[in-house]
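The next block holds one structure in the form of C-alpha cells; read it before the comments.
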There are 2 protein chains.
Amino acid sequence: MSERPDVATFCGGAQVRCDLCMVRDTAICSVLSASELARLTRIARSVHATPGHTLFHEGDPAEDVFTVVEGVVQLYKLLEDGRRQIVGFLVAGDFIGLAFGNHYVYSAEAVTATRLCAFRRAPFIVLLGEYPHLEQNLLARASTELAASHEHMLVLGRKSAKERVATFLLRFAERRGVPPGERLDLPMGRLEIADYLGLTIETVSRTFTVLRREGLIRLEGRSSVRILDPSRLAAIAGL
Amino acid sequence: MSERPDVATFCGGAQVRCDLCMVRDTAICSVLSASELARLTRIARSVHATPGHTLFHEGDPAEDVFTVVEGVVQLYKLLEDGRRQIVGFLVAGDFIGLAFGNHYVYSAEAVTATRLCAFRRAPFIVLLGEYPHLEQNLLARASTELAASHEHMLVLGRKSAKERVATFLLRFAERRGVPPGERLDLPMGRLEIADYLGLTIETVSRTFTVLRREGLIRLEGRSSVRILDPSRLAAIAGL
DNA sequence: CGAGAGGTTGAGCAATCTCAACGGGGGTGG
DNA sequence: CCACCCCCGTTGAGATTGCTCAACCTCTCG
C-alpha cells in the first residue's frame, strides 16, 4: 500500500499529479521552485488505499501529513460507545494534517480507492518554516476549512433532517463540480451520509425518498443522484 | 466605542496589554521586533464594546481583523427564520478574522463588556506576508481552532443534551482556567448556551437542574456554577 | 422596593430514533 | 452465463428525546 515515488510521479508527471503540487488554483508547488520541489519530494511517498482502509486513527502519533491525489477520504471522530461523527469528506486537492499537534485528532479512512501523497511530518514542518509561500497556502486552506466547519456546525446544530440532506447534496455537487441536472455520484453509503449529517441511516433514506417524491431529485441506482430543481432545493437547504 | 491608541496602550503598556502582542504562550508580538510592532500599531485601533453590541454582521465587507483583549465575544451564524448557531465564544487572547475572505462569514457580538484591538485587514495581510513568525502564529491558531470545531461537530451531531451541557461546562472551565470546585462564571445567558449547543433554553435549564440534583454541579446565582464532581461529569461528557 | 428580564418547571407534541421486516442490485461461484 | 446470496437501502410501527407553549418564579437592577 506504500511505495517509493519519484518527483515526476506525484509532482508533475503527465498522468498522475499530486495536488499538493499542481492541482487547481490552490496549488502549492506552483509557488515553489524546482529545488524546493525536490526537497519536498525527498520526504514524500505515494500511498494507495482501498475502500474502508484506515489511514490512521485518532490519537495515533502524527507521523505524516497527506495530500489527496485521487479518491475520497473521510475524517471522523468516535465516542466510546461507537457513535461516530464524520467531520469531513476530502477529495483530490485536499490536505490532511492542518489541525495536528503531535497526535492525530481524528481518524481517516478511504471511502473509495484512493491515492495520496504522504509527507513525513517533522521535515514537512521544517520546510513550512523555510518556504513562506507554502505556509501561506496552508493558512489559506485552514481558513477555508474553518469557514466550512462553521457552516457545518449550523447544519448540525440547527437544521432539520430535510434541510441537512438538501444542504449536503448541493454542497457536495458544488465541490465535485457537478452542475444541476447532471448525474452526481455519491461514493459514500447512507451510513456515511448519516454520520456526516448527525442523523440515522433510516432518516437519510426517508428524506431522500421525500425529496424524490417532491420532484427535487432523481435517484439513480443506490449511489447516484440528479438534482432536478436546484433553486427549490437551495430554498429548503436555507442557502 | 472606538478611539486612537498608542503603542503602549495595547502592545505592552503596563495595565492594558493587547494579547495579539503579549498574551500567553501564543503571543504574537513576542516574536516581533520593535519596528515590526510599530508597523502593527499604525494599522491598529482600540475598540470597546458593551454587552449585546454587534462588532460586525455575517456578509459585511471584512475591513478589520480583531484580537480580544478583555471580555467575551460570541461568533454566530443565522438562518433566514432566525434560528441561530453560535460557533464559538472568544476570550482574551483569541483572534477574530482567520477565516475571512473579503466578507465576514459570521457575525460577532460582545457578550460582556469587551475591549479589542482592531487591525485594518488589507495592511494586516501585507504584514502577514512580511513577518513569517506572525503567519506561523496564525497558522497554529487556525489549527487549534479547526480541532476545536471538529470536536464541537461531534457535540452537535452525536451527543445527547446531558452530554452536551457536561462537555460545555468542562471545556469552558478549562478555557477560563477555573479548577474544579472553584466558582465558574458563565457570562452568557441560557439562550446563548442553548444556541451554542444546538438546544433550546428550556432543555439547557432542565439539564442544569438534572446535573444539580445528581450532585455534579452547584448553581450559584443565575450565572455561576461550581463543578463538584469533575470526573463523573467528564464520564457523562464522553471526555 | 418594585418591575422586568431571564430562568425554571410542567404538559403535550413532533421530529427523529429504534427495532424490525422486506427488497433489490451487484458480485461471485458454480 | 445464470442463479444465489448478501449487503445495503427502503419502508413501517412504535418509542424517545428534545421542542413548543404556557405559567410561574426569582434574581437583579433601578
Side-chain angles (χ1 to χ4, degrees), chain A residues 50-52 74 79 81-85 111-113 155-169 183 185-214 217-225 236 238, chain B residues 50-52 74 79 81-85 111-113 155-169 183 185-214 217-225 236 238:
Chain A
T50 51
Q74 59 190 11
L79 290 173
D81 61 6
R83 280 174 287 172
R84 179 175 69 163
Q85 178 63 44
V111 175
T112 65
V155 169
L156 294 173
R158 288 302 181 211
K159 288 190 182 179
S160 70
K162 197 171 173 185
E163 291 166 335
R164 292 181 202 208
V165 172
T167 304
F168 168 72
L169 288 174
R183 186 192 184 95
D185 188 53
L186 300 176
M188 67 294 284
R190 296 290 184 271
L191 180 57
E192 281 69 43
I193 297 175
D195 283 349
Y196 178 62
L197 295 177
L199 299 171
T200 58
I201 288 187
E202 295 93 330
T203 299
V204 171
S205 184
R206 279 185 249 274
T207 307
F208 271 120
T209 302
V210 169
L211 294 176
R212 177 175 57 73
R213 291 214 180 109
E214 293 179 353
I217 61 174
R218 176 181 302 153
L219 296 168
E220 307 196 335
R222 59 172 58 176
S223 67
S224 286
V225 207
I236 288 171
Chain B
T50 50
Q74 59 190 12
L79 290 173
D81 61 5
R83 278 175 289 172
R84 179 175 70 162
Q85 178 63 44
V111 175
T112 65
V155 170
L156 294 173
R158 287 300 180 215
K159 288 190 182 178
S160 70
K162 196 171 173 184
E163 291 166 337
R164 292 182 202 207
V165 172
T167 304
F168 168 72
L169 288 174
R183 184 192 186 96
D185 189 53
L186 300 176
M188 67 294 285
R190 296 291 184 271
L191 181 57
E192 281 68 45
I193 297 175
D195 282 349
Y196 179 62
L197 296 178
L199 299 171
T200 58
I201 288 187
E202 294 93 330
T203 300
V204 170
S205 184
R206 278 186 249 273
T207 306
F208 271 122
T209 302
V210 169
L211 294 176
R212 176 176 55 74
R213 291 215 180 110
E214 293 179 353
I217 61 173
R218 177 181 302 155
L219 295 169
E220 308 197 334
R222 61 173 55 177
S223 67
S224 286
V225 207
I236 289 171

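Every value quoted in this text rests on a predicted model; they were computed, and no experiment measured them.
- The CD1 atom of A:I201 lies 8.5 Å from the CD atom of A:E192; values are rounded to the nearest 0.5 Å.
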(request) Dump the intermediate steps for side chain to side chain donor-acceptor pair (under 3.5 Å) on A:S205 and A:R190, then the final yes or no. (result) CA-CA 7 Å; A:S205 184; A:R190 296 290 184 271; 5.1 Å; no
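- Mapping heavy-atom proximity under 4.0 Å, the span of DNA chain C touched by chain A runs 5' to 3' from C:dT16 to C:dG24.
- If you measure from atom CD of A:E192 to atom P of D:dC7, you get 15 Å, rounded to the nearest angstrom.
- In this structure, the separation between CG on A:L219 and CG on A:L211 is 8.5 Å, given to the nearest 0.5 Å.
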(request) Do nucleotides 10-26 of chain D as a string where each nucleotide becomes B, S or -: B if the base has a protein heavy atom under 4.0 Å, S if just the sugar-phosphate does, - if no protein is that close. (result) BBBB----SSBB----B
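- Note that CD of A:E220 and CZ of A:R183 are 5.0 Å apart. Values are rounded to the nearest 0.5 Å.
- Rounded to the nearest 0.5 angstrom, A:F168 CZ and A:I193 CD1 are separated by 4.5 Å.
- B:R212 contributes no side-chain N or O that, together with a main-chain N or O of B:T207, makes up a donor-acceptor pair within less than 3.5 Å.
- For the atom pair CZ of A:R206 and NZ of A:K162, the computed distance is 15.0 Å after rounding to the nearest 0.5 Å.
- Within the model, atoms CG of B:D195 and OG1 of B:T200 stand 9.5 Å from one another, a figure rounded to the nearest 0.5 Å.
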